[in-house]
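Heads up, the thing below is written out as structure tokens.
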Amino acid sequence: MVNLVWLAMLLAGIIVAASQGKIEVVTSASLEAARTAVNLALELVGLMALWLGLLRIAEEAGLVRLLARALKPLTRILFPELPPDHPALGAILMNLSANILGLGNAATPFGLKAMQELQKLNPSPEEATPAMCTFLGLNTGCITLLPATIIGIRAAANSTDPTIIVGPTILSTGASMLAAILADRLFRRATLR
Amino acid sequence: MTGLILELSRWAIPFLLFFIPSLGFLRGVRVYEAFVAGAEDGFKVAVKIIPFLVGMLVAIGVFRASGAMDLLAHALDPVLRLAGIPGEVLPLAILRPLSGGGALGVAAELISEYGPDSFIGRLASVMQGSTDTTFYVLTVYFGSVGIRRYRYALALGLIADVSSLLAAVAICRIMFG
């Protein structure tokens, strides 16, 4: 699916640009995007180092395992194939907590750590495991308590009540998390057969 | 309630920076050495993501800059009006899973054009706050461990995005409409 979506976006873009006689847009947009990609990755270096460093302390102190064990009843349902105190679970929980609090820049390093741990259990290293799909579904559909950036933009636009959207955001992210969990169940069942 | 959440979010990172090293120290961890050993991985992981990110951002960039995305929004407009989704927010709905920064720009534009307290302004705010940049997350997370075949992860992410879009429209209609 990702191959098709990728190809479709690229080809549709080039064809539309050509048909509107502004083919040079393709050149500038692609070069610009390639540069942006590297900048984004480099911006991650410092953040990754900070959080992975802290995470290592938490691991050596046994905190990650403690967190994983405390939430075992929940994770056993969502990730039945993972051993109950596997280090991936601790990282997954830290990632989801950071997402819930709207701390995007702390969430990514924890999430990547979780992927590394999940990859250790992967029998075919180039293909996603069901646990990875479940994790990413939870991650992208995650409930959000505090959409901080958009509150800032609303305040800057002189809203009379910038935070009025917090309640609706919690409800709609709750709905998407529920949908992700249910869809994940169905996908798992369909691929098991 | 909102005030409490704002406070919680303000304190979360300082709390972790205080709590994890001090607890580690009490448990006999050589805290600084452990930190440095963990931090070493930061560079490797970030560099490993680059090819995946270049591939995805180039396709999204061309799709957007060429106007193909606007054409898609235009074509989908009548269908979505039937579902009660106002056409004004459609570019935001399409862009949101593709590009976090791009979507934020569109949301900010809608808010300033229609006003932050208008129905469109509020709906755009909820939509922006509700979904994640699915393509970015998949690209970065899978890229960091070298996974190329995503299986049903993309479908799952998009189902979550569509659900949150529909929920955002329904909730905003009930609360603000």
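If you're wondering where the values come from, they're calculated on a predicted model, not measured in any experiment.
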Next on the checklist: Quick check on B:L26 against chain A: is it the side chain, the backbone, both or neither that has a heavy atom closer than 4.5 Å?
Outcome noted: neither
Item to check | Side chain, backbone, both or neither of B:Y136 within contact of chain A (heavy atoms, under 4.5 Å) | outcome: side chain
Heavy-atom cut-off 4.5 Å, strictly under: side chain, backbone, both or neither for [X] against chain B?
| X | result |
| --- | --- |
| A:S30 | both |
| A:I181 | neither |
| A:P125 | backbone |

Next on the checklist: For a quick test of reading the model, state the closest non-hydrogen atom pair linking A:R56 to B:A34 and the distance between them.
Outcome noted: CG-O, 3.1 Å
Next on the checklist: Can a side-chain donor-acceptor contact be found between B:Y150 and A:N3 if the only test is distance below 3.5 angstrom?
Outcome noted: no
Item to check | B:S130 versus A:S172, side-chain donor and acceptor atoms under 3.5 Å | outcome: yes
Checklist entry - Are any of the side-chain nitrogens in A:K113 or B:D41 under 4.0 Å away from the carboxylate oxygens of its partner? => result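 No salt bridge links A:K113 with B:D41.
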Checklist entry - Mind checking what makes side-chain hydrogen bond (donor to acceptor under 3.5 Å, both in side chains) contact with A:T140, not counting sequence neighbours? => result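 Counting only residues at least two positions away or on another chain, A:T140 forms no side-chain hydrogen bond (donor to acceptor under 3.5 Å, both in side chains).
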Checklist entry - Quick one: do A:M115 and A:L78 end up in the same hydrophobic cluster if we chain Ile, Leu, Val, Met, Phe, Trp and Tyr together by side-chain heavy atoms under 4.5 Å apart? => result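 A:M115 and A:L78: one cluster.
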Item to check | Stepwise side chain to side chain contact (heavy atoms under 4.5 Å, CB included) test for A:R188 and B:Y152 | outcome: CA-CA 9 Å; A:R188 273 176 183 254; B:Y152 51 86; 3.6 Å; yes
